[in-house]
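Chain identifiers are assigned alphabetically (A, B, ...) following the order of the sequence lines, protein sequences preceding nucleic acid strands; residue numbering begins at 1 within each chain. Basis for what follows: all heavy atoms, side chains included, without hydrogens, waters or symmetry-related copies.
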Amino acid sequence: MNLSLQDPFSVAKEYPEGLTHTLQYGHSVILQFTDRGDYLASGLADGSIIIYDMISSAPIVHLDTGCHVRPITSLNWSSCGRYLLSSSQDWYVKLWDFSKVNNSEEDPVIRQVKFDGPIWGASLHPDDPYVFVASLFDDSPVHVDMHEEVAKVTRLTTTPLENQDALGEDVDMDDDEPKKTKRKDRHMTLVTTFTPNDGGYIFTGTSKGWVNIFETKTLTIKRSIKIANSNIKHLVISSNGRKLAVNSSDRIIRQVNLPDLINISDANDWEFEIDHKYQDVVNRLQWNSMSYNHNGEFLVASTYGQSSHDLYVWETSMGSLIKILEGANEELIDVKWNYSRCTIGSIGLDSGAIYLWSVVFPQKWSALAPDFVEIEENIEYIEGEDEFDIIDDNELTKKRLEEEDFNVDVVNGDLVDARGFDIRRKGFIIPIAYE
Amino acid sequence: MGIPSVEHTTQPSIPDLYLLKYSLNQSSSSPISSINSIRISPDGKTFATCSSDTIIRIYDLTTGTLIAELLGHTKGVSDIVYSPINSNIIASCSDDLTIRLWSIKTKKCIKILRKHTYHITTIKFVSKGNILISGSADETITIWDITSGRILTTLAAHSDPVSSLCLTPDNSIIVSASYDGLMRLFDLETSQCLKTLTYNASHGTATASTTDVLNFPISNVEISPNGLYILSSSLDGLVRLWDYMSNKVIKTYQGINGQPVSEHFNCGAKFIIKTETPKIVSGSEKSGILLWDVQTKEIVYQFNNGNDAVLEVDTLDEGRILVSCSRDGIINVFELNKKYIKQDKIATEELNTRDGTPFEKNPSP
């Protein structure tokens, strides 16, 4: 509701402009905002997790008992904001229930799964906090169902669909690798993610530039597409499911227009077209991480290397660079977009501090004095006909009271805020340790 | 009372709207001390009162038995507020310049917040329970981070004591009311002043700096359930409903026969939406509890069993339960007459969860 009283031009801005906050509490390596943007989870290098409230910018929970013992590699909130999935280099994936935090009697870790090696990253099913997919170091990616106490782990294949048909024949679709069999053994899945909203499909990215698409229901591979020739480091799907960004180690982020995966069920009818390639032609920088805004119209990425300390923001329909966010004096690693607050968060590699860029609202001075109005240019004053007429106060009051005869709705309010986000959905409120 | 009324005498149109469940009278014991505020806990099990005798008392809501007395303040307590996420935690503010946070179970003070330099008049929690906002007679509003006890901001924007505070349902705007006659709207996150509202009977406008215009002190503010309107009570004896987006008073509520509601005391007011049409309830100086219909501005219900001002009212479950406290130490607990409860209430609970998981709103520890 504050937005409707702010400067409308500032509210209409779709990406942040300036560094507004720096949060430093431990050495952060990963961050993640809730769907509603009210909490921020920060994974630390020591394996613990801190939750910040976005209004006070202060930590409200430090998950440091029963936590990981090596750096966190990924964090995922459930859409209701009650559960958080964390993965770490210590071989564990843990599911936290925030109704049990700040309470010495209960253990907030409600599920944990141990793997045979470090975890690159895990991704939570958008509709079910007990289901996730994860990519493992030197191992096949897994689909895990934790509804039962003992988790059901299903391995997914890394080999692209086309190559599976030719298995054993030593045929590689691309001729860039001479020792096919040996190299194929090294073909690894580095990243996995669910499609947003219904989680109907799983996208995985491999070390040879393939994107494999699995159907979640059957966990069978439906389609493989070759996007690049090098490692795929990140896959990000915009929350409306329209765009896929693929970050690979060849210094290019490729943006792929996704077909309608919900309504077109035949995988052969899917068309994947590379829409844009984002790269820094001059400095030839690699990209560390990237994130879409809520409707996929903007993409932000952080850059690899000590020489650059900036975030690049592109507009995704034309593919043009529109903003470079500065202010951090170190290399930035993870980057995330807080949708409803129009804030971008990123983490400094050296200090482990969290930097937040937001839209800055100018103070309206006329807000302090109701008889002052801010005007763009001089207005010639024309006295109203009755402006200085003396009217009897009683008569005026009576007239005003008579004008009050219309109906007021004090119950039903707006359904969306000034930025167009649904405000009816109440998020989960994390308990506070008062004592 | 013998005061000649200008308008014809009107009787409250729904005399059985609320049924008195029970009444507590402290005045029988000890010297009478004023009960300044009354609040029902979010879980609906208890209610708390604070009084000028420095004691905060916790009662069982259904039976009215005293559960706990919280002792520690050295001067009168002006306001109390339960944590919205934990009914075991209550905060209080006092003339002894401290804000205290209490655990009801252990009857112990958990935290003492000191900063204000004069009487603290009002406190409010944001709905997540991690931020507390206090208004004081030192003319400032302070925003506290409860988890760390740190001060997030101090807003110094009034030229007289701050009398009352409220928050929009989305917790983005603080509305403050002051004896300088102004209501200001602040953005909680950026601390910017978003708007100033003032009422002036004559044409032209007024700020506190204009000496020739008299603004009546504002004694209480309350936000409408949808957050679009502000209900203000001022010491000219009127209660007004503001459309703050367009800076307009859209409804004015008067006491019985056009008498002032309150000219000397800060009488609390609340919205009631459990009934077929929305209502407003307010304490008054001489007429006990008054209830108006929001649209018609008519007084539909009145209850008076004391001789002094009703200083605060509070509601539970959109007005199904109503409590009041008065300057002469009387506590009343009412229940809405079942035949007036709105029938077509559509459950909106499914909006809260989208992933089909068990979802408790506020797990109580």
Side-chain angles (χ1 to χ4, degrees), chain A residues 1-6 38 53-60 78-80 82-83 99-100 102-103 105 125-130 361 363-364 367-372 387 391 393 396-397 400-401 404 406-414 417 423-426 428-435, chain B residues 83 85-86 89 101 103 110 126 128-131 145-148 150 152 157 168 170 172-173 185 187-190 192-198 201-202 205-207 224-229 241 245 247 250-252 271 273 278 294-295 297 351-357 359-360 362-363 365:
Chain A
M1 293 179 169
N2 53 345
L3 292 177
S4 33
L5 290 173
Q6 291 279 17
D38 49 352
D53 176 64
M54 286 302 289
I55 291 178
S56 64
S57 301
I60 54 163
S78 66
S79 57
C80 59
R82 174 170 164 178
Y83 303 98
S99 68
K100 298 189 162 95
N102 283 333
N103 175 352
E105 285 152 29
H125 191 286
D127 262 353
D128 187 346
Y130 288 96
F361 295 107
Q363 167 75 58
K364 277 193 297 181
L368 290 158
D371 44 357
F372 281 71
E387 190 163 347
I391 307 167
D393 273 359
L396 197 74
T397 314
R400 282 188 180 177
L401 289 180
E404 294 175 355
F406 54 89
N407 271 6
V408 205
D409 187 350
V410 295
V411 181
N412 302 306
D414 299 336
D417 70 6
I423 50 176
R424 287 170 305 166
R425 234 186 94 217
K426 297 270 180 282
F428 181 77
I429 296 175
I430 298 177
I432 306 288
Y434 287 105
E435 295 171 60
Chain B
S83 158
I85 60 164
N86 186 342
I89 303 292
L101 211 63
S103 160
I110 306 166
V126 304
K128 279 182 185 160
N130 64 329
I131 297 173
D145 172 24
I146 287 297
T147 46
S148 65
R150 271 187 321 127
L152 293 173
T168 52
D170 65 350
S172 63
I173 303 175
L185 278 65
D187 188 316
L188 174 63
E189 205 182 337
T190 64
Q192 285 174 348
C193 179
L194 296 172
K195 187 158 252 184
T196 302
L197 299 173
T198 181
S202 64
T205 55
T207 56
S224 72
N226 61 5
L228 298 177
Y229 304 99
L241 189 66
M245 286 295 170
N247 308 344
I250 50 169
K251 297 277 176 187
T252 308
F271 282 89
I273 56 171
V294 168
Q295 315 298 358
K297 304 186 280 176
L351 286 169
N352 292 332
T353 168
R354 202 176 69 179
D355 49 8
T357 53
F359 184 83
E360 297 160 29
N362 296 312

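- Judged by distance alone, the side chains of D187(B) and Q6(A) do bring a donor and an acceptor atom under 3.5 Å apart.
- Most heavy-atom pairs under 4.5 Å with chain A: of the set V294(B), T168(B), N226(B), this distinction falls to N226(B).
- Highest contact tally toward chain A, considering only G227(B), S172(B), S103(B), is held by S172(B) [criterion: heavy-atom pairs under 4.5 Å].
- Looking at residues two or more places apart in sequence or on another chain, you find a side chain to side chain donor-acceptor pair (under 3.5 Å) between D409(A) and N412(A).
- For the options L194(B), I110(B), L101(B), L197(B), heavy-atom pairs under 4.5 Å to chain A are most numerous at L194(B).
- For I250(B), the parts sitting under 4.5 Å from any heavy atom of chain A are the backbone and the side chain alike.
- Taking chain A as the reference chain and counting heavy-atom pairs below 4.5 Å, the highest number among K195(B), E189(B), K128(B) is found for K128(B).
- Residue with the most contacts toward chain A among P278(B), P225(B), C193(B): C193(B) (heavy-atom pairs, distance under 4.5 Å).
- Interface residue D38(A): backbone and side-chain heavy atoms are both found under 4.5 Å from chain B.
- Taking E404(A) as the reference, T252(B), K297(B) meet the side chain to side chain donor-acceptor pair (under 3.5 Å) condition, with sequence neighbours excluded.
- For L3(A), no part sits under 4.5 Å from any heavy atom of chain B, backbone or side chain.
- Two residues are said to be in side-chain contact when any heavy atoms from C-beta on lie closer than 4.5 Å; V408(A) and L241(B) meet this criterion.
- With a 4.5 Å cut-off on non-hydrogen atoms, N130(B) touches chain A through its backbone and its side chain both.
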